[in-house]
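Both ligands and their constituent atoms are indexed starting at 1 by order of listing.
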Amino acid sequence: MTHPEKSDDAHRSAFRALPSVAALASDPEVMDASSLSPASLTTMIRAVLDDHRTAIVAGARPDAGAIRAAVLAALRATESVRLRPVINATGVIVHTNLGRAPVSEETAAAMAAAAGASVPLETEPESNRRGGRMDEISGLMRLLVGAEATLVVNNNAAAVLLTLAAVAEGRGVVLSRGEAVEIGGGFRVPDVMRQSGARLVEVGTTNRTYAADYERAVAPDTAALLKIHPSNFKVTGFVHDTGLAELADVAQRAHLPLLFDQGSGTVLDPRDYGLGGETTLGQSVRDGATITMASGDKLLGGPQAGLILGDRTWVETIARHPLARAVRADKTCLAGVAATLRHYVRGEAERRLPVWRMITLSFNDLRARADRIIMGVPGEVWTAATVSTKATVGGGSLPGETLDSVGISLSRADSGAALDDLARRLRLSRPGVFGRIEDGRLVLDLRTVLPEDDERLERVLAETLATAPA
Ligand SMILES: *Cc1c(COP(=O)(O)O)cnc(C)c1O
């Protein structure tokens, strides 16, 4: 044990041996590597020196070389862009960890144009009067799904929170016990309900809820009936779900609004694409939901957004609630949602929207692409093969549903640690490639790779496998 005062003295002399901020800032290699302002560079160097002093207190020796290296590493880290485009070869189409739906080229261009310029967001060009923030999107949505009005907010979690707060604060909302669910990290229906100030009135049982259950639960302080699409799981067996249309009848008889959290935002019917049934936005409006809520970046295939659509009077009430301002969408988002909706009204959604292009890629084309890519991949260390896989829609949409797909599998006799290393190096390449490891091999699923990315994928594979540690 050292005497504390003695070691303080030792530390002070070790600190004096450290290079000064000025010396590090004027080091030729540091100056060459830095694009920072003098103030930011000074802050960064001070942080590195602080870390080093902490290390000295913990027993390390002063090391000018290590400090210089740490400054250079910190400079490189500042330059490295985290949100760079990567290739999603996971086979999960709407991959939340990879940013959900990639938007169409036209949508991305509309978003970039709006971001870099002034736009008449709340000024009517014709009259130069204030207003009209949602006019364009409302018009497109009316054409597309028959909703009288639409409000776009930050995301669907915000749409549900805001709608409940505006419609039911301090009052009861009737929900089936089977729908008091958790959807993805942090979105638990009972918690959102509590935050909104509405009171959850659960009816029925986990597996069976009937129209009569809702009817019996309606009380003088009931504000609404709520239905939630259980996006990320499926209950099968002895199950009864009260359909939306039937629930709309109950709501109408009770003179209450019916709120439906549809989830995926799908406009196209997944059944037409070999997937399971899911209520589309149009069906929700036709079935009589007063307000439908959905995400913009799941099966709608647009930017992150929450859609609140339906009855005009209710949408206006929701838009006037104080929370609406806190969760409102910006010009970039609105430009992106409008551009995405335009693909639908033109009838070109499945040709233009990446999510739907991925869903509709043909199995035979996938196989031909995999065979072609493999031909350009060196085969000395790793064995590349075309394999059948199952892709999923993901993003909490269509649970349990799979799409037949084709992948490139990479394996070698002694995979183990080498497999993790290969997966890591692919993720860190440019562009990064994200696959999945299963059954002792790395699988790159081509259903989530658009054909225009094949060349880049092949190049990254060729480069990465050529430098693989044998
Ligand atoms: C995904 C989902 C949400 C949350 O939507 P975000 O856009 O991620 O905020 C809420 N409800 C349902 C039914 C969902 O599927």
For the pair D453 and R369, find out whether any cationic side-chain nitrogen is under 4.0 Å from an anionic carboxylate oxygen. no
Near S295 (heavy-atom distance under 4.0 Å), the atoms of ligand 1 are 1 (C), 5 (O), 6 (P), 7 (O)
Only heavy atoms of K298, strictly under 4.0 Å: list the atoms of ligand 1 that pass. 1 (C), 2 (C), 3 (C), 14 (C), 15 (O)
Determine whether any heavy atom of M293 lies closer than 4.0 Å to an atom of ligand 1. no
One thing to verify: whether D421 and R425 come together as a salt bridge, which I'm taking to mean a side-chain N less than 4.0 angstrom from a carboxylate O. yes
Give me the one residue out of R351, R346, R342 that meets salt bridge (charged side-chain N to carboxylate O under 4.0 Å, His left out) with E106. R346
Within less than 4.0 angstrom of ligand 1, does D261 place any heavy atom? yes
Look at ligand 1 and say whether Q304 reaches it with a heavy atom at a distance under 4.0 Å. no
So, R459 and E455, do they make that salt bridge, N to O below 4.0 Å? no
For R100, the atoms of ligand 1 under 4.0 Å from one of its heavy atoms are 6 (P), 7 (O), 8 (O)
Got D241 and E179 here, is their nearest side-chain heavy-atom distance under 4.5 Å? yes
Ligand-side contact atoms (ligand 1) for residue partner H229, heavy atom cut-off under 4.0 Å: 13 (C)
When rounded to the nearest 0.5 Å, the distance separating CZ of R447 from CG of D365 is 10.0 Å
